[in-house]
Student: 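I'd like to ask some things about the structure below.
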Amino acid sequence: MSAKKKELVSSAMKRTSEWISSQEIPSDVSVHIRETSFSLHKFPLVSKCGFIKKLASESSNNSNVTVIKFPDFPGGAEAFELAIKFCYDINFELNKENIAMLRCAAEYLEMTEEHSVGNLVETTEIYLNEVILKSLSNSVKVLRKCEDLLPIAERVKLVSRCIDSIAYITCQESHIKQAIVDWWAEDLVVLRTDMFRRVLNAMMARGFKRYALGPVLMLYAQKPLRELEIFRKGTKKMEVEQEHEKRVILETIVSLLPRERNAMPVSFLSMLLRAAIYLETTVACRLDLEKRMGLQLRQAVLDDLLMFDVDTFQRILMNYLEFEVEGNSVDFASDIGELMETYLAEIASDKNISSAKFIGLAECIPEQSRITEDGIYRAIDIYLKAHPNISEVEKKKVCSLMDCQKLSQEASAHAAQNDRLHVQTIVQVLHYEQQSLRQILSDSDSPAAATTSEILPPPKFTYYNDELSQLNRENQDLKLELLKVKMKLKEFEKEKAFEVMSSSDYSLVSTASVVKPPRKSFISSVSRKLGKLYPFGMSQGRTKPSKGRRHSIS
């Protein structure tokens, strides 16, 4: 009890004692409630309090004053003062603030109809049934007061009646009002965790839909999780009892979460999981949250995942993949692949990430979700930049994660000049680039295509340096061939244009002899596209990646 409240109670006790002492009859009963004592009269007490009557009859008659001690009186001295005012017929107001402790005090003192008609038990019961239990806010307020009056509040069924009243009212009103959370959620969040849980269970037992509990659970979790952020930043040190309390709250919230998919925002689930890891909740609690996040991974953004370590993220990802397989889904969302590749690129710069963990996580990304290999290539490049001292064997394993055939033209050009990659990977990139060039020349049906050979299978990588040099030379030759085709095409178009201009000097000419403008051929369109892809004016005919896209941390 606060100092201010103690002062108010003491002053009230003093006023009551002064009123009683002012009576002509001297007091013959002394009642002690913890540190507070009351000098009272036996007759008005025993006429209404069965318990005091029994104690007074059992006490010794050697003393003129009967001393009674109540070390565990429900509601303390404040509740006892109201009870003796009732015994002395002193008027006071019943309200939602004092009704719970008065009902418990009446039960403790056995103030039943057996000892007096219209006694305190009956009076408080009438007020509870006609006023308190018909209102949601009053029921919640009294239930909150009952938390400090246990176990006697349970014995008189005050707790169960308040819970049942709350559940009944919310279920009845939920059929009428749409935004139900607006008017009852804020009332419930003041309850202690065990009471809060019992209320929600009672609501569901009465037919309240579990998925509709999401908003109130989010509201209930705000305060403890917001406080947790302060402790996580190190500005305060959490006490053991406080940490235990928050752990219980968190585990309770998780146990009450709706089972329906997408019932809770994935950002809220991410916040709960971070809190569960920090508070070291039960393994079952953390695994439950990981599974929920896995089922809703398509709604996640990068910030929802970056707070977790690689092992946690991998379990979330495996839950997602397991769900897709169980659902017989053959299509994986492309945004999932992009999200996972972005996460992989973000953690790649961490020097503590081993190649085994990096490879294991990358292998979990389904191929169906990877439209191109640009994302995985970027992550590999960042990892190799941050881990320059890994062995050639590890580097080869890391580089083998990507399919060089699925690299975009821009990424392929970057990879062909990337010295951080394993030399075998560079050879593969150059080989597939050569295949692409040969295919373009073959499709264009140009004279240069006659000099090209069939597309060869990937070379056997026995002598990497020789292969690199040979492939580079061949690729440059193919690019030069394409350049010649473009130049010849331009000359042909100029000649045709000159012929048309010359023919306009004749006054009479048959319509059959009119030269039509040259039709755009397939080779023309191919040439223009190649001109955009390969800026041959650069030194040695090498291409550079666009500045607009970052493939590396450099």
Side-chain angles (χ1 to χ4, degrees), residues 214 217-238 242-243 246-255 257 261-323 333 335-354 356-365 369 375-376 378-379 382-383 386-387 553:
L217 291 174
M218 293 177 63
L219 192 61
Y220 192 78
Q222 279 184 3
K223 184 179 179 181
L225 294 182
R226 186 167 54 246
E227 292 174 351
L228 197 62
E229 289 293 330
I230 299 174
F231 290 111
R232 188 182 294 151
K233 293 176 181 177
T235 55
K236 292 182 180 180
K237 185 178 180 181
M238 194 185 307
Q242 192 175 10
E243 183 177 351
K246 293 184 182 302
R247 187 182 301 114
V248 171
I249 293 174
L250 184 58
E251 291 175 353
T252 300
I253 291 172
V254 173
S255 68
L257 288 175
R261 190 184 185 192
N262 300 326
M264 306 297 295
V266 70
S267 57
F268 178 67
L269 296 175
S270 175
M271 181 172 61
L272 290 181
L273 181 54
R274 292 199 301 271
I277 294 172
Y278 179 78
L279 292 172
E280 297 181 352
T281 59
T282 61
V283 176
C285 176
R286 280 175 276 175
L287 292 179
D288 186 12
L289 288 170
E290 289 173 4
K291 184 176 182 179
R292 292 176 184 274
M293 283 199 66
L295 297 181
Q296 296 182 213
L297 193 57
R298 290 190 179 186
Q299 286 80 46
V301 295
L302 186 61
D303 289 341
D304 296 328
L305 304 171
L306 283 178
M307 297 301 294
F308 304 125
D309 55 31
V310 176
D311 294 332
T312 301
F313 175 74
Q314 192 166 2
R315 287 194 297 270
I316 293 172
L317 179 56
M318 293 306 296
N319 280 312
Y320 165 76
L321 298 176
E322 182 180 354
F323 173 79
D335 53 348
I336 288 293
E338 183 178 353
L339 175 65
M340 291 185 286
E341 288 170 353
T342 306
Y343 176 84
L344 195 65
E346 288 292 332
I347 66 166
S349 57
D350 186 354
K351 297 185 181 299
N352 296 320
I353 300 294
S354 65
K357 277 193 175 183
F358 182 83
I359 293 170
L361 184 57
E363 288 177 343
C364 292
I365 304 176
S369 66
I376 197 74
R378 177 175 177 269
I382 295 174
Y383 184 83
H387 302 78
I553 58 175

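Keep in mind that what you see is a predicted model, and the values were worked out from it rather than measured. Heavy atoms only: backbone and side chains are in, while hydrogens, waters and symmetry mates are out.
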Student: To the nearest 0.5 Å, tell me how far Ile347 CD1 sits from Lys357 NZ.
Tutor: 9.0 Å
Student: Under the side chain to side chain contact (heavy atoms under 4.5 Å, CB included) rule, what do Met318 and Glu322 come out as? Steps first, then yes or no, please.
Tutor: CA-CA 6 Å; Met318 293 306 296; Glu322 182 180 354; over 6 Å; no
Student: Quick check: closest heavy atoms across Glu338 and Thr342, and the distance to 0.1 Å?
Tutor: O-OG1, 2.7 Å
Student: Could you list the residues that satisfy ring-ring contact (aromatic ring centres under 6.0 Å, His included) with Tyr383, not counting sequence neighbours?
Tutor: Phe358, His387
Student: For Asn319, what residues pass the side chain to side chain donor-acceptor pair (under 3.5 Å) criterion, not counting sequence neighbours?
Tutor: none
Student: When rounded to the nearest 0.5 angstrom, what distance separates CZ in Arg378 from CD1 in Ile382?
Tutor: 4.0 Å
Student: Can you give me the closest heavy-atom contact between Ile376 and Glu341, atom names plus distance?
Tutor: N-CD, 3.9 Å
Student: Can you name the nearest heavy-atom pair linking Ala348 to Ala386, along with the distance?
Tutor: O-CB, 3.8 Å
Student: With rounding to the nearest 0.5 Å, note down the distance linking CD in Glu290 to CE in Met293.
Tutor: 9.0 Å
Student: Quick one: CD1 on Ile277 to CG on Asp309, what's the gap to the nearest 0.5 Å?
Tutor: 6.5 Å
Student: Which residue, Leu297, Leu295, Leu321, Leu289, forms the side chain to side chain contact (heavy atoms under 4.5 Å, CB included) with Ile316?
Tutor: Leu297
Student: What distance separates Lys291 NZ from Leu287 CG, expressed to the nearest 0.5 Å?
Tutor: 10.0 Å
Student: Which residues pass the ring-ring contact (aromatic ring centres under 6.0 Å, His included) test with Phe313, not counting sequence neighbours?
Tutor: Tyr343
Student: Could you pull out the closest heavy-atom pair between Ala300 and Leu339, with the gap in Å?
Tutor: O-CD2, 3.9 Å
Student: List in chain and number order the residues that pass salt bridge (charged side-chain N to carboxylate O under 4.0 Å, His left out) with Glu243, two or more places apart in sequence or in another chain; answer none if no residue qualifies.
Tutor: Arg247
Student: Please give me the minimum heavy-atom distance between Ala221 and Ile253, naming the atom from each residue.
Tutor: CB-CD1, 3.4 Å
Student: Tell me, yes or no, whether the heavy-atom count around Gln299 atom CD, taken from other residues, nucleotides or ligands under 6.0 Å, exceeds 12.
Tutor: yes
Student: Show me the side-chain donor-acceptor pairs of residues 263-273 shorter than 3.5 Å, one per line, residues at least two apart or across chains.
Tutor:
{"from": "Ser270", "atom 1": "OG", "to": "Arg274", "atom 2": "NH1", "distance (Å)": "2.9"}
{"from": "Ser270", "atom 1": "OG", "to": "Asp304", "atom 2": "O", "distance (Å)": "2.7"}

Student: Keeping Glu251 on the side-chain end and Thr281 on the backbone end, is there a donor-acceptor pair under 3.5 Å?
Tutor: no
Student: Verify, without hydrogens or angle tests, whether Thr312 (side chain) and Phe308 (backbone) share a donor-acceptor contact under 3.5 angstrom.
Tutor: no
Student: What distance separates Leu306 CG from Leu302 CG, expressed to the nearest 0.5 Å?
Tutor: 4.0 Å
Student: Only counting residues at least two apart or in another chain, list the ones meeting salt bridge (charged side-chain N to carboxylate O under 4.0 Å, His left out) with Arg286.
Tutor: none
Student: How close do Cys285 and Val254 get, heavy atom to heavy atom, and via which atoms?
Tutor: SG-CG2, 3.8 Å
Student: Less than 4.0 angstrom from a charged side-chain N to a carboxylate O is my criterion; do Asp288 and Arg292 meet it?
Tutor: yes
